[in-house]
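Below is one structure; the comments refer to it alone.
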Amino acid sequence: MVANSVPLEILDNIIWRVAHDRSVLLNSCLVGHAWWEAATAVLYSKIELHIGYDWDGTQHRILKEGATTLMDTLALCVYSFAIGVIVTRHQINFHSSSPRLCAKVLTLHMRFDAPAPPSALGSEFLSFGEVNGDQLARNLRNLRSATLVDCLLSRHIIANLATYTRLTNLKLRLSPNPQHWNIDSTSLKKLTWEVPCDIWIATEDGARDCWSSAVHVLEIANTVFPDLVELNIANFPRMASDADPHPFPPRTPSKTQEITLPRLKNFRYQGDVQENERDSILRFLQTIQGSLTTLSMKFGFDALNQNQIEYLPHILSAAPKLKVLEIPSRYPREERWQSHVLPVWSESTRASPTNGIEYFQMWDIGCSFSLEHGRLFSGWDSLKVLKLGAPLFEHDEHDGRPHFDEVAPGLMDFVKDLPQSIEELYVELDNSGVVADDDEDFDPVAELPAEIFQSLLRLRILDINAWIADIDRSTGYIPEKAVVCRRCRNEDDPDNNSKKTVWISRLECIYQEGYASVTESAIDLEGDFQGRDEQEPWLGGGRTWVSQKSTHWAEGKHLLSESDGPEDMPDSDEEEAESEQE
């Protein structure tokens with residue numbers, strides 16, 4: 001057959017061009033041995049073992065037939081069209097062996113879905129992998145990335161971790177039970193560990209949202225993953241698919257001092273911290289101070305108050321090489337839009353040889369902006385990126401309006417004492433319970449950019465977002481009011497550093513519908529400006545609208561495409577409704 005004589009390089013190119021079409025890949029397996037090898041390399045490169053949950057009246061049913069069939073396919077000397085959750089058992093005889101198929105698996109992702117009650121279902125999820133799980137785990141010799149949940153298959157994979165020499169990224173969603181980690185050390189560089197806790201229940205056994213849970217993970221990591229560079233620990237509410245959490249007895253200071261992790265650069269802890277655990281955190285930071293450059297965690301304070309201000313210098317002293325410091329919000333804000341893109345794990349921020357914090361982020365300081373908060377950062381001479389969010393308090397309990405005229409003076413006082421090293425400043429004002437009756441209500445804040453840029457001479461990016469409700473008292477993917485500013489060279493005098501042009505894009509979302517209006521303006525400023533400028537206004541300038549659809553936003557960045565133009569705006573409410581349905 002001509003198909004069987006295709007050179008391997010061309011065959012691989014053909015297969016990767018149709019990698020998005022599963023049906024074509026499955027048919028390619030029937031052409032011949034070479035085609036089977038190439039197609040299965042794509043089909044099995046990423047395996048998802050998804051076990052769902054079905055509510056049928058008073059009956060609860062675990063939907064694991066498809067995942068079980070796929071696991072058996074990989075573990076035994078049988079081949080079937082078993083990719084994903086939906087399984088079609090058309091067996092073909094190419095004398096395939098389980099090691100050959102498993103060798104093609106580069107990514108393994110496990111996900112169990114179940115509501116919080118009833119907890120009795122946990123044992124059914126836990127038994128997944130009881131049959132053939134050990135064989136599958138031994139065959140995954142080329143695994144590079146894995147997401148594991150608490151079940152017998154995961155325990156078999158954990159027992160074989162040291163044999164996965166290509167594994168670089170591991171995500172665990174299970175209790176840190178030391179009994180399951182009596183294994184050899186590995187060379188893993190990146191680990192994410194989600195710990196199931198009784199977050200809303202004060203339990204006696206310590207299985208709750210606290211720093212002690214993170215310490216148990218650190219103890220395991222110190223032994224099994226000594227070469228970690230990035231570690232992310234998060235506590236989350238225990239679901240029915242999670243086994244009973246391992247008890248977390250409080251850890252003594254000596255336990256924390258035993259943790260070294262000499263190569264750890266990025267550490268993120270998403271969980272609560274009790275007041276009596278703060279000293280333990282400082283001792284942990286002191287043990288890894290030789291390498292840590294990025295830290296993201298809460299320290300048990302409700303706001304950026306005097307107590308937290310006094311605690312921060314201890315953090316900086318314990319980790320003298322720290323460049324990036326983030327204090328997460330109490331509640332996640334995953335659906336919030338931000339015009340900035342620089343992530344917490346920014347390589348550019350980490351790579352600078354200078355000492356001192358260069359990037360600070362805290363989206364909920366718990367109080368209004370003031371002169372005192374600006375003074376907190378006045379000595380941070382290496383600070384380049386500052387991201388802060390504050391609650392937008394109402395004038396009184398029943399007012400229901402955002403009084404931006406009272407916010408603006410405090411915001412300007414905050415800016416005046418900021419260090420001149422700042423290049424990017426992002427500010428958020430948050431209260432989804434207030435509504436601006438008129439666009440002009442935002443004017444006091446929208447008029448601040450000129451004064452702010454003349455105060456911070458290196459500033460080139462300024463975003464001020466107001467997360468308030470629209471007229472329908474709803475919120476969406478982008479702020480209801482915002483000004484997005486970029487400092488650029490003056491077109492008439494581009495080499496003159498004392499004269500700059502600031503482009504201001506003002507966002508208005510009266511309703512959270514398909515599109516938001518953008519008003520663009522430019523102001524010429526004079527001053528002793530320093531540092532580099534932006535190349536162009538926000539989104540290239542010249543825009544009168546932006547789409548509010550989630551498909552146009554990813555990781556806080558607006559996705560421009562060839563079809564993203566004014567001609568795409570719906571001409572009628574009917575067209576917009578049809579577009580939303582699509």
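Here the structure is a predicted model, which is why all the values come from computation and not from measurement.
By the salt bridge (Lys or Arg N to Asp or Glu O under 4.0 Å) test, Arg278 is found to be paired with no residue, residues two or more places apart in sequence or in another chain being considered.
Distance alone, capped at 3.5 Å, is enough to place a donor-acceptor pair between the Ser45 side chain and the Val42 backbone. Although no hydrogens or angles enter the test, the distance criterion places a donor-acceptor pair under 3.5 Å between the side chain of Ser382 and the main chain of Ile357. Although no hydrogens or angles enter the test, the distance criterion places no donor-acceptor pair under 3.5 Å between the side chain of Glu326 and the main chain of Phe360.
Contact check for Val224 versus Ile183: side-chain heavy atoms found under the 4.5 Å cut-off. Asn266 places none of its side-chain heavy atoms less than 4.5 Å from the side chain of Leu231. Taking 4.5 Å as the limit, some side-chain heavy atom of Leu148 sits within range of a side-chain heavy atom of Ile158. Between Val324 and Leu295, the closest side-chain pair of non-hydrogen atoms is not below 4.5 Å. Ile47 places none of its side-chain heavy atoms less than 4.5 Å from the side chain of Thr107. Contact check for Lys321 versus Ser291: no side-chain heavy atoms found under the 4.5 Å cut-off.
In this structure, Tyr426 has its ring center at least 6.0 angstrom away from the ring center of Trp363.
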**Report entry** Pair Tyr359-Trp380, ring pair (Phe, Tyr, Trp, His ring centres under 6.0 Å): steps then yes or no
**Finding:** CA-CA 10 Å; Tyr359 178 109; Trp380 295 26; over 10 Å; no

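Tyr311 and Phe299 have tilted rings, their planes meeting at an angle from 30° to 60° on a 0 to 90° scale. Using cut-offs of 30° and 60° for the angle between ring planes, the Trp211 and Tyr269 rings count as perpendicular.
The heavy-atom pair separating Ala303 from Met362 by the smallest distance is C-CE, 4.3 Å. Among all heavy-atom pairs drawn from Trp467 and Asp430, the shortest one is O-OD1, 3.4 Å.
Partner of Ile327 under the side-chain contact (heavy atoms from CB on, under 4.5 Å) criterion, chosen from Leu312, Ile365, Asp364: Leu312. Among the candidates Asn232, Leu218, Val217, the single residue satisfying the side-chain contact (heavy atoms from CB on, under 4.5 Å) test with Trp193 is Val217.
Using a 3.5 Å distance cut-off with no hydrogens or angles, the side chains of Ser213 and Asn235 do pair a donor with an acceptor. Between the side chains of Gln135 and Arg138, a donor-acceptor pair is found at a separation under 3.5 Å.
Salt-bridge formation is not detected for the pair Asp150/Arg173: no Lys NZ or Arg NE/NH1/NH2 atom is positioned less than 4.0 Å from an Asp or Glu carboxylate oxygen.
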